[in-house]
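Residues take their numbers from the sequence shown, with the count starting at 1. None of these values were measured; they are calculated from a predicted model.
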Amino acid sequence: MATEPKPGTLYIVGTPIGNLEDMTFRAVRILQSVDMIAAEDTRHTGKLLQHFQIKTPQMSYHEHNRNSRIPEILESLKYGKAIALVSDAGMPGISDPGYELIKACVDAEIDVVPIPSATAAITALSASGLPTNRFIFDGFLPAKSQQRREYLQSLLTEIRTLVFYESPHRLRETLKDLGDIFGGDRQIVIARELTKLYEEFWRGTIAEAIAHYQQKEPQGEYTLLVAGIEPSKPQITEAELKAELLAMMKQGASRSQASRQLAKEISISRNKLYQLALTIEIDNE
């Protein structure tokens, strides 16, 4: 049910990451009815507002003026104004300066209400084909190679899918560092220009990605998704294997049948299991 914006509330309004059709009805309504829109780039947001015929006044809020803007916005909120925070694309606070304002509002016990939309990280992950049940979003990696390599080294044994943002002019360097730290065989998905006309997903190994982008000039904004390492499986002792085989054989399976069945359940060859089965003595033999 639609309601008017609540006075003294900061609305975190998500906007499209590329395709304007992804704008939600709720986002349009909130932007139309708040008292002010705090925008990362007022010119960029102005085009969005014009498209949806939103006439709400804007104020700039970005990385370079946030220290002076935060007290000003807090004061307006305390006096009962409803303010919407938007970034250039996606959800404010995700890899942009919105976090500091949101934290300041939370600390001041000012209501913060999210109006969700797409984010590049989740959009790319959903179509990547890599595991989505557990993942890490790490935003932009350090710009300098040494710091980037040190940070990647800390993620070397991570089993969860890794999600990064990268700019076109650093893509090749980052891919090289990924290859040096993670190895060329690790699977990677590279998504670019998500929801836009030239949206593209590239899938392969890190080594193949390096070769691909040596031939192709990087263009657009990139989301990198790197597979985590395979979780190590607990080692099964010989005694445990023999116990499993014996249990199957006592239920009527032959040594060959028990070996074949157990081989399907664990990553050990049937021949090795059969040789082990030959060493088992059964009471009724």
Self-check item: Within 6.0 angstrom of Arg270 CZ, more than 12 heavy atoms from elsewhere
Solution: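 Not buried by this count: 12 neighbours or fewer within 6.0 Å.
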
Below 4.5 Å, heavy atoms only, C-beta onward: do [X] and [Y] meet side chain to side chain?
{"X": "Ser76", "Y": "Ile83", "answer": "yes"}
{"X": "Ile229", "Y": "Glu158", "answer": "no"}
{"X": "Gln261", "Y": "Met248", "answer": "yes"}
{"X": "Phe182", "Y": "Leu156", "answer": "yes"}
{"X": "Arg149", "Y": "Asp180", "answer": "yes"}
{"X": "Leu276", "Y": "Lys242", "answer": "yes"}
{"X": "Leu162", "Y": "Phe135", "answer": "no"}
{"X": "Leu225", "Y": "Ile188", "answer": "no"}

Self-check item: Joint hydrophobic cluster, Val13 plus Ile94, side-chain heavy atoms closer than 4.5 Å
Solution: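 No; Ile94 is not reachable from Val13 via cluster members.
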
Strictly distance-based, threshold 3.5 Å: is any side-chain N or O of [X] a donor or acceptor partner for the main-chain N or O of [Y]?
{"X": "Tyr274", "Y": "Gln257", "result": "no"}
{"X": "Arg255", "Y": "Ile280", "result": "yes"}
{"X": "Glu244", "Y": "Leu241", "result": "no"}
{"X": "Glu199", "Y": "Thr195", "result": "yes"}
{"X": "Arg148", "Y": "Ala143", "result": "yes"}
{"X": "Thr56", "Y": "Ile37", "result": "no"}
{"X": "Glu173", "Y": "Arg170", "result": "no"}
{"X": "Arg69", "Y": "Ser60", "result": "yes"}

Quiz prompt | Short side-chain donor-acceptor distance under 3.5 Å, Glu166 and Thr174 | solution =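 Per modelled atom types, Thr174 and Glu166 side chains form a pair under 3.5 Å.
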
Quiz item: Distance only, no hydrogens: is a donor on one side chain within 3.5 Å (strictly under) of an acceptor on the other, for Ser117 and Asp22?
Solution: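 There is no such pair (donor and acceptor under 3.5 Å, judged by atom type) between the side chains of Ser117 and Asp22.
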
Quiz prompt | Carboxylate-amine/guanidinium contact Glu200 Lys216, below 4.0 Å | solution =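 A salt bridge links Glu200 with Lys216.
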
Quiz item: What are the two closest non-hydrogen atoms of Arg43 and Asp41, and how far apart are they?
Solution: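 What the structure gives for the nearest pair is N-OD1, 3.0 Å.
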
Quiz prompt | Residue list, salt bridge (charged side-chain N to carboxylate O under 4.0 Å, His left out) with Asp185, at least two apart or on another chain | solution =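 Checked Asp185 against salt bridge (charged side-chain N to carboxylate O under 4.0 Å, His left out); zero matches.
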
Practice problem: Indicate, with yes or no, if the rings of Tyr165 and Phe137 have centres closer together than 6.0 Å. | Solution: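 Centroid separation for Tyr165 and Phe137: below 6.0 Å.
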
